[in-house]
Structure formats: C-alpha cells, structure tokens
Amino acid sequence: MYVGNVLLKKNLNIKSKKEGPDFIVGDKIYIECVAPTKGDPKNPNSVPDPFIATSPDEMIAQPVPDNQMILRISQVIHDKGLDQYQKWKNKAWFKADNPFILTINVADLGYVEEPEMPNVIKTLFGFESLQINLRTGKSSYSARNEIKKSNDSSVPVRYFLNSDFNFLSGVLFSEEYVLSHPENLGDDCFFVNNPFAINPVEEKFISCFRNWKAHKTIDGLVSVRLIR
C-alpha cells in the first residue's frame, strides 16, 4: 500500500490485477513488493532481536548481524524475484519486454545499516567490508561471491552480476517503517538499476527517486555510486 501511494505521489499511472505483480506502471513496468522478516528465531541464520537498553547502565556495544540480514534479503530476491518471475513468464498477459522491479523494505530486520553501503546493495553486488589504503587514503569495499550459512552451505550474493537474474531490471528499497516514513512521501526510497538487465528501466522512472547508479566497466565489473 505504501509503495502504491509513493508511485501515485510521483504522478505515475499504476494499476493492479488479480493475477500478476502488485503494480503495473503505465502498462510498461512490473513491480512486486516484499518485506523480509527476521526469520525463525530458532534458526541460526535468522536475524536476532537487538538488545534494547532500558537505562544508561544497560547500554552495551552489540554487533550488527549483516550476514544474517543479507541472507534474509537474498531469500526474498529468490522467492519474490526469481520464483515469481518463472511463474509469470508463460502467462498470456505477461509481456517479456517489460522491465521487472522488486521493491524491498528492510525495516523489520531491526537494525540501523551502514548508510554508505546498505545491505541491499551488498546483496546485489557482493560488496562486503570497507577497506582503506593506508598509503593513498583511498577507500573501497572488498568483494565476495557468496555467504556461508551455519551449516557451511553457500548462498550467492552477486545477483546483479549473475546472468540468471538479468530479468530483474532494478530494485527499489527502503529502510523505514511505513508508519515512520518521511514527511515527503518516497524520500526514503532508493532505486538501484541492474546494469546487465535485459529490459532496462527508463530514466524517467529512475529520476523519480534517489538512486544508486550502477555502470558496467570495461573489464566487466560494476561501478556503483549513490546519487544524492
């Protein structure tokens, strides 16, 4: 419902059918919405509840479970991205050349994320940790192809560098709860494009949001930066 209101606020023409994506923008863009949860608390791969101090004496430093959060984001990309797309693509109403966007709200995961590198971006491109060159002072992020679960099985994380996900044109994401959204509706939403998408999203749609702009480089890698 919040995404629908944001799209209307951006003066986009939307509709929804009984079968198919949550929203269709101008008959040209399919949008599916999802909000990952922490998961089963008995599962070691789920996101633990943060400790909330009730007094200054109880305040402690606690780690942010980035890996578990990324695993939850990865799960919804599969469930609401790949699996859903596979179900739709043979339907009579489906248009194969329409861009497909997944919207992800991560607020329920319960932790404040690193503002310069949100977990959604880490999941899509395989970024991991901030590293600084002590000689030059330049900073960058290390990269990885996968995350290990508690049972030592691997979960891939470089979705936008994986040709199996080139059907996914982009991701629109937010870290805010619906009830605590900003005064200007949609200011909490960021769009990131898939630079390898078979159906890229038009700039007219992208410009409605703040966005992480991804570009292919000559060596086949990706450069990603936040457009403020």
Side-chain angles (χ1 to χ4, degrees), residues 1-37 72-109 113 118-121 123-125 159-160 164-214 224 226-228:
M1 188 178 295
Y2 178 67
V3 172
N5 277 289
V6 168
L7 296 174
L8 291 173
K9 181 71 174 180
K10 301 295 183 180
N11 295 316
L12 297 170
N13 180 28
I14 64 173
K15 63 180 180 181
S16 181
K17 298 181 178 180
K18 290 183 178 180
E19 181 185 36
D22 292 315
F23 299 103
I24 303 174
V25 177
D27 290 322
K28 294 182 178 180
I29 301 175
Y30 296 141
I31 295 182
E32 184 72 358
C33 308
V34 65
T37 63
R72 298 303 299 164
I73 296 169
S74 176
Q75 185 68 51
V76 299
I77 291 175
H78 268 277
D79 293 348
K80 281 290 192 175
L82 180 61
D83 293 349
Q84 197 72 285
Y85 186 85
Q86 295 294 342
K87 293 177 183 177
W88 291 340
K89 68 179 184 179
N90 294 320
K91 300 288 186 178
W93 54 263
F94 184 82
K95 297 179 181 178
D97 56 352
N98 275 10
F100 175 52
I101 295 172
L102 192 63
T103 71
I104 304 176
N105 184 291
V106 299
D108 195 51
L109 297 181
E113 296 190 17
N119 283 327
V120 168
I121 301 297
T123 309
L124 296 173
F125 295 102
Y159 288 97
F160 276 3
D164 290 339
F165 286 82
N166 60 11
F167 67 89
L168 188 55
S169 305
V171 167
L172 183 66
F173 70 95
S174 171
E175 301 169 10
E176 300 292 334
Y177 286 101
V178 171
L179 295 180
S180 61
H181 64 74
E183 183 176 346
N184 292 322
L185 204 65
D187 278 1
D188 58 313
C189 298
F190 292 84
F191 180 81
V192 53
N193 64 296
N194 182 351
F196 298 96
I198 54 175
N199 297 315
V201 181
E202 293 181 356
E203 190 62 37
K204 181 180 180 180
F205 179 90
I206 296 175
S207 63
C208 291
F209 305 94
R210 290 186 288 173
N211 56 92
W212 288 78
K213 194 69 175 179
V224 186
L226 174 63
I227 308 298
R228 296 188 182 277

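For the single chain, residues carry numbers from 1 onward in sequence order.
- Across all non-hydrogen atoms, the minimal contact from P118 to F173 is CB-CE1, 3.9 Å.
- Contact check for N105 versus V3: no side-chain heavy atoms found under the 4.5 Å cut-off.
- A search for side chain to side chain donor-acceptor pair (under 3.5 Å) contacts involving D79 returns Q75, not counting sequence neighbours.
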### Task
Before giving the answer on side chain to side chain contact (heavy atoms under 4.5 Å, CB included), spell out for F167 and N194 the whole-Å C-alpha distance, their side-chain angles and the decisive distance to 0.1 Å.
CA-CA 9 Å; F167 67 89; N194 182 351; over 6 Å; no

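- For F205, the ring pair (Phe, Tyr, Trp, His ring centres under 6.0 Å) partners at least two apart in sequence or on another chain are F191, F209.
- Within the 4.5 Å cutoff, side-chain heavy atoms of T37 are placed close to those of R72.
- Two residues are said to be in side-chain contact when any heavy atoms from C-beta on lie closer than 4.5 Å; Y159 and H78 meet this criterion.
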Under 3.5 Å, which donor-acceptor pairs do the side chains of residues 196-204 form with other protein atoms, sequence neighbours left out?
| from | atom 1 | to | atom 2 | distance (Å) |
| --- | --- | --- | --- | --- |
| N199 | ND2 | A96 | O | 2.8 |
| E203 | OE1 | K213 | NZ | 3.3 |

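- Counting all heavy atoms, side chain and backbone alike, W93 lies closest to P21 at CH2-CD, 3.7 Å.
- With values rounded to the nearest 0.5 angstrom, L124 atom CG is found 9.0 Å from L102 atom CG.
- Using a 4.5 Å heavy-atom cutoff, the side chains of F160 and V171 are in contact.
- A salt bridge (charged side-chain N to carboxylate O under 4.0 Å, His left out) check over residues 2-14, counting only residues at least two apart or in different chains, returns nothing.
- Expressed to the nearest 0.5 Å, how far CG of N119 lies from CD1 of I104 amounts to 11.0 Å.
- Proximity of N193 to N211: side-chain heavy atoms (C-beta onward) are nowhere separated by under 4.5 Å.
- Remark: side-chain polar atoms of R210 are not paired, donor with acceptor, to backbone N or O of F190 under 3.5 angstrom.
- Using modelled atom types, no side-chain atom of D188 and backbone atom of E175 make a donor-acceptor pair closer than 3.5 Å.
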Tabulate below the donor-acceptor pairs under 3.5 Å that side-chain atoms of residues 22-34 make, not counting sequence neighbours, or state none.
| from | atom 1 | to | atom 2 | distance (Å) |
| --- | --- | --- | --- | --- |
| D22 | OD2 | C33 | N | 2.8 |
| D27 | OD1 | K15 | NZ | 2.5 |
| Y30 | OH | K95 | N | 2.9 |
| E32 | OE1 | D22 | N | 3.1 |
| E32 | OE2 | K80 | NZ | 3.0 |
| E32 | OE2 | Q84 | NE2 | 3.3 |

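- Annotation: ring pair (Phe, Tyr, Trp, His ring centres under 6.0 Å) contacts of F100 (sequence neighbours excluded): Y85, W88.
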